[in-house]
> 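Just passing along the structure, written as structure tokens.
Predicted model, so just to flag it, every value in this text is computed and none were measured. Atoms considered below: every heavy atom in the structure, side chains included; atoms not considered: hydrogens, waters and symmetry mates. Throughout, residue positions are numbered sequentially from 1 according to the sequence presented.
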Amino acid sequence: MSTANDEQRPRFSLHPVALLNSLRLRRTLLDTYGQKNTYKFIIGLNLFLISVGSLFYTNDLVSKLEEREMRQVKLYAEGLRYAINSDFDEDFNVVMQNIIEANSFYEIPAIYLDENNMPSAHNNISFPENASPESKERILQERLDQMKEEHAAIPVELGDGRTGYVYYSNSFLLTQLKYYPYIQLSGLFILGFLAYLAFSSARRAEQNRVWVGLAKETAHQLGTPLSSLMAWIEYFRSDPDFDPAIAEELEKDVQRLEMITTRFSNIGSVPALKEENIAQVVTEFITYLQKRVSTKVAFHIDNQLTEGQTVLVNRNLFEWVVENICKNAVDAMAGVGEIRIFLIPHTPQQEVIIDIQDTGKGISSSNLQKIFRPGFSTKKRGWGLGLTLAKRIIENYHNGKLFVKSSEPGKGTTFRIVLHK
């Protein structure tokens with residue numbers, strides 16, 4: 001049977017839509033990262049296949065062109081043999097001239113050494129204008145040395161045991177074709193790098209949209225139960241049998257939730273910074289926090305700052321950062337251990353350093369590069385956004401730094417926050 005008091009008590013319930021929306025947002029976050037990784041893999045695979053296919057195709061073309069140029073030089077050598085061993089007539093001169101012109105068309109540099117191993121003919125060898133005979137001889141010898149390293153000589157049988165040799169280099173076209181795959185691979189690499197930058201930028205933009213949507217949805221969902229909780233507190237205060245001290249503590253927690261709601265609702269907008277006594281902010285927040293975590297966790301604050309040292313911060317967001325780090329520390333210590341907070345002046349750089357040190361299990365070297373990555377969490381039910389948001393708040397909004405100063409498995413971790421005065 002209902003009583004009058006029962007009718008006066010405020011009622012509220014958590015609608016399943018709130019939970020459903022939260023799960024949808026989380027699924028969206030995970031799907032976003034998975035899709036981006038899939039796209040990057042597909043693009044990377046396509047670039048790899050294009051590169052390999054282009055390399056094999058170009059190498060096949062180079063091989064065929066090399067063989068063709070070798071046949072062309074052999075024809076040139078055969079023409080020299082006939083020219084040297086045969087009686088010259090007009091018809092043969094025309095044939096020989098056609099052979100030389102064909103070799104010139106393919107721009108194949110060639111040098112003929114007679115039976116005395118002396119250069120007696122050359123083709124497609126360029127010399128500077130007004131070059132002296134000595135200079136031409138030196139250039140010819142340099143090209144000959146280069147040709148000997150590139151290809152085996154083509155012998156020219158002159159009869160009577162005499163032999164000449166034709167040395168040659170690749171044509172300019174073939175040289176270009178040889179380097180073309182590397183130029184193409186460089187272009188594909190640049191294209192892949194630009195695609196990676198584009199995807200990274202798109203992913204960051206998508207992450208920002210997910211964070212903003214998640215934050216605003218959370219703030220919206222907290223609004224109704226907070227109103228009901230305030231009504232409950234007023235009801236408890238009106239009950240003479242209820243301890244007023246409990247109502248006071250409940251009100252503090254509700255105020256805390258309202259502040260958290262404000263934080264989430266303001267995500268995506270530029271926060272207002274204000275000069276705050278940083279030691280006082282840290283001390284007051286730790287005093288509040290230590291009553292709401294395991295009683296087996298001891299907090300110690302070592303303040304080395306000058307009295308009244310101020311820093312330009314947004315108090316709500318800064319407390320959020322400290323809260324995320326401290327709660328991660330409590331989880332790492334399994335609810336048993338010590339958290340030491342050091343406030344250190346860094347005068348030369350006009351900075352304030354805040355070190356948060358725990359005695360937890362530490363962070364493995366493989367995870368050190370991942371802990372600030374969105375979606376990464378070592379906890380089964382973790383979202384992997386706490387440290388990501390903390391780093392974003394410090395570095396993007398406060399122009400400071402947040403990083404892991406040190407971590408040793410089995411001994412603990414120290415996070416360092418650097419703020420400008």
Side-chain angles (χ1 to χ4, degrees), residues 245 248-249 251-263 266 269-330 332-333 336-360 372 386-387 389-408 411-421:
E248 292 296 327
E249 288 300 318
E251 185 174 22
K252 289 180 182 178
D253 284 332
V254 171
Q255 289 173 351
R256 180 72 182 170
L257 286 172
E258 288 178 337
M259 182 184 66
I260 292 173
T261 303
T262 302
R263 290 175 182 171
N266 288 333
S269 57
V270 179
L273 304 183
K274 180 182 176 183
E275 289 285 348
E276 297 279 1
N277 185 325
I278 193 64
Q280 181 180 344
V281 171
V282 171
T283 302
E284 290 179 357
F285 178 74
I286 294 301
T287 300
Y288 167 85
L289 182 64
Q290 64 183 352
K291 295 179 181 179
R292 287 158 178 82
V293 297
S294 173
T295 56
K296 296 181 180 180
V297 175
F299 286 84
H300 305 280
I301 299 177
D302 183 357
N303 182 17
Q304 303 174 20
L305 301 177
T306 57
E307 184 69 25
Q309 175 67 63
T310 61
V311 177
L312 197 63
V313 296
N314 181 288
R315 181 164 184 160
N316 287 340
L317 293 180
F318 178 74
E319 288 179 352
W320 195 2
V321 172
V322 176
E323 178 180 355
N324 278 328
I325 297 175
C326 288
K327 286 188 174 180
N328 280 344
V330 172
M333 297 184 297
V336 180
E338 293 183 356
I339 296 179
R340 295 185 176 272
I341 302 173
F342 300 89
L343 303 174
I344 307 168
H346 193 202
T347 306
Q349 305 298 329
Q350 294 296 305
E351 295 171 339
V352 169
I353 295 174
I354 303 169
D355 286 345
I356 303 176
Q357 181 185 86
D358 64 58
T359 56
F372 294 110
L387 289 177
L389 289 172
K391 190 175 183 68
R392 180 184 178 88
I393 289 169
I394 293 297
E395 297 188 355
N396 291 12
Y397 294 158
H398 292 82
N399 196 29
K401 297 177 183 177
L402 171 59
F403 56 92
V404 179
K405 178 189 175 187
S406 62
S407 185
E408 187 174 350
K411 293 189 176 181
T413 302
T414 301
F415 282 86
R416 170 161 287 187
I417 302 171
V418 181
L419 297 174
H420 297 284
K421 294 181 182 179

> I'd like to check Val352 versus Ile344 (side-chain heavy atoms, cut-off strictly below 4.5 Å). Are they in contact?
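No, every pair of side-chain atoms sits at 4.5 Å or beyond.
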
> Can you name the side chain to side chain contact (heavy atoms under 4.5 Å, CB included) partners of Ala279, sequence neighbours left out?
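Testing Ala279 for side chain to side chain contact (heavy atoms under 4.5 Å, CB included), a comparison that skips the adjacent residues, returns Asn277, Asn303, Leu343.
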
> Rounded to the nearest 0.5 Å, what's the gap from CG on Leu402 to CD1 on Ile356? Could you check?
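So the gap between those two atoms works out to 8.5 Å.
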
> With heavy-atom distances below 4.5 Å as the criterion, would you say the side chains of Ile354 and Ile278 are in contact?
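Yes, side chains in contact.
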
> Between Asn324 (side chain) and Ala390 (backbone), is there a donor-acceptor pair under 3.5 Å?
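No, because the side chain of Asn324 does not come within donor-acceptor range (under 3.5 Å) of the backbone of Ala390.
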
> Take a 6.0 Å sphere around CD of Gln350 and say whether it holds more than 12 heavy atoms from other residues, nucleotides or ligands.
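Atom CD in Gln350 is crowded, with more than 12 foreign heavy atoms closer than 6.0 Å.
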
> With a 4.5 Å heavy-atom cut-off, do Val313 and Val281 have their side chains touching?
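Val313 vs Val281: side chains apart.
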
> Identify whether the distance between the nearest side-chain nitrogen and carboxylate oxygen of Arg340 and Asp358 falls below 4.0 Å.
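Judged by the 4.0 Å cut-off on N to carboxylate O distance, Arg340 and Asp358 do not form a salt bridge.
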
> Among Ile393, Val311, Val282, find the residue that satisfies the side-chain contact (heavy atoms from CB on, under 4.5 Å) test when tested with Phe318.
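For Phe318, the side-chain contact (heavy atoms from CB on, under 4.5 Å) check succeeds only for Val282.
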
> Distance from Lys405 atom NZ to Ile417 atom CD1, nearest 0.5 Å?
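Atom-to-atom, Lys405:NZ and Ile417:CD1 are 13.0 Å apart.
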
> Which atom pair, heavy atoms only, marks the closest approach of Pro345 to Gln304?
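In terms of heavy atoms, the two residues are closest at CD-O, 3.5 Å.
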
> Should Ile341 and Ile286 be marked as a side chain to side chain contact (heavy atoms under 4.5 Å, CB included) after you check the CA-CA gap, both sets of side-chain angles, and the distance that decides it?
CA-CA 10 Å; Ile341 302 173; Ile286 294 301; 3.4 Å; yes

> So Val321 and Leu389, do their side chains get closer than 4.5 Å, heavy atoms only?
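The answer is no; the side chains never approach within 4.5 Å.
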
> Would Glu284 and Arg315 pass as an ion pair if we require N to O under 4.0 Å?
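Salt bridge present between Glu284 and Arg315.
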
> Does this structure show an ion pair linking Glu338 with Lys296, if we count only N-O contacts that are shorter than 4.0 Å?
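Here Glu338 does not pair with Lys296 in a salt bridge, since their nearest N and O are not under 4.0 Å apart.
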
> Atom CD of Gln290 and atom SG of Cys326: how far apart are they, to the nearest 0.5 Å?
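It is 10.5 Å, given to the nearest 0.5 Å.
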
> Any chance you could measure Phe415, atom CZ, to Thr413, atom OG1, to the nearest 0.5 Å?
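Phe415 atom CZ to Thr413 atom OG1 measures 6.0 Å (nearest 0.5 Å).
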
> Taking C-beta and beyond as the side chain, do Leu419 and Ile353 meet within less than 4.5 Å on heavy atoms?
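Answer no - side chains too far apart.
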
> I'd like to check the salt bridge (charged side-chain N to carboxylate O under 4.0 Å, His left out) partners of Lys291; sequence neighbours left out, ordered by chain and number.
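Lys291: no salt bridge (charged side-chain N to carboxylate O under 4.0 Å, His left out) contacts found.
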
> Quick check for you: to the nearest 0.5 Å, what is the distance between Glu323 atom CD and Asn328 atom CG?
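So the CD of Glu323 and the CG of Asn328 are separated by 10.5 Å.
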
> Output all residues satisfying side chain to side chain contact (heavy atoms under 4.5 Å, CB included) with Glu248, sequence neighbours left out; order by chain, then residue number.
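With sequence neighbours excluded, Glu248 shows a side chain to side chain contact (heavy atoms under 4.5 Å, CB included) to Arg237, Glu251, given in chain and number order.
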
> Minimum heavy-atom separation for Glu319 and Phe285, please, with both atom names.
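Looking at all heavy atoms of both residues, the shortest contact is O-CZ, 3.6 Å.
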
> Do Asn399 and His420 come close enough that some side-chain heavy atom pair is under 4.5 Å?
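Sidechains of His420 and Asn399: in contact.
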
> What's the spacing between Thr283 OG1 and Ile301 CD1 if we round to 0.5 Å?
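Spacing of OG1 (Thr283) from CD1 (Ile301) equals 4.0 Å.
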
> Any side-chain heavy-atom pair from Tyr397 and Arg392 closer than 4.5 angstrom?
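They are in contact (side-chain heavy atoms under 4.5 Å apart), so the answer is yes.
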
> Does some side-chain heavy atom of Arg292 sit less than 4.5 Å from a side-chain heavy atom of Glu249?
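Answer yes - side chains close enough.
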
> One pair to check against side chain to side chain contact (heavy atoms under 4.5 Å, CB included): Val418 and Arg416. What are the steps and the verdict?
CA-CA 7 Å; Val418 181; Arg416 170 161 287 187; 3.9 Å; yes

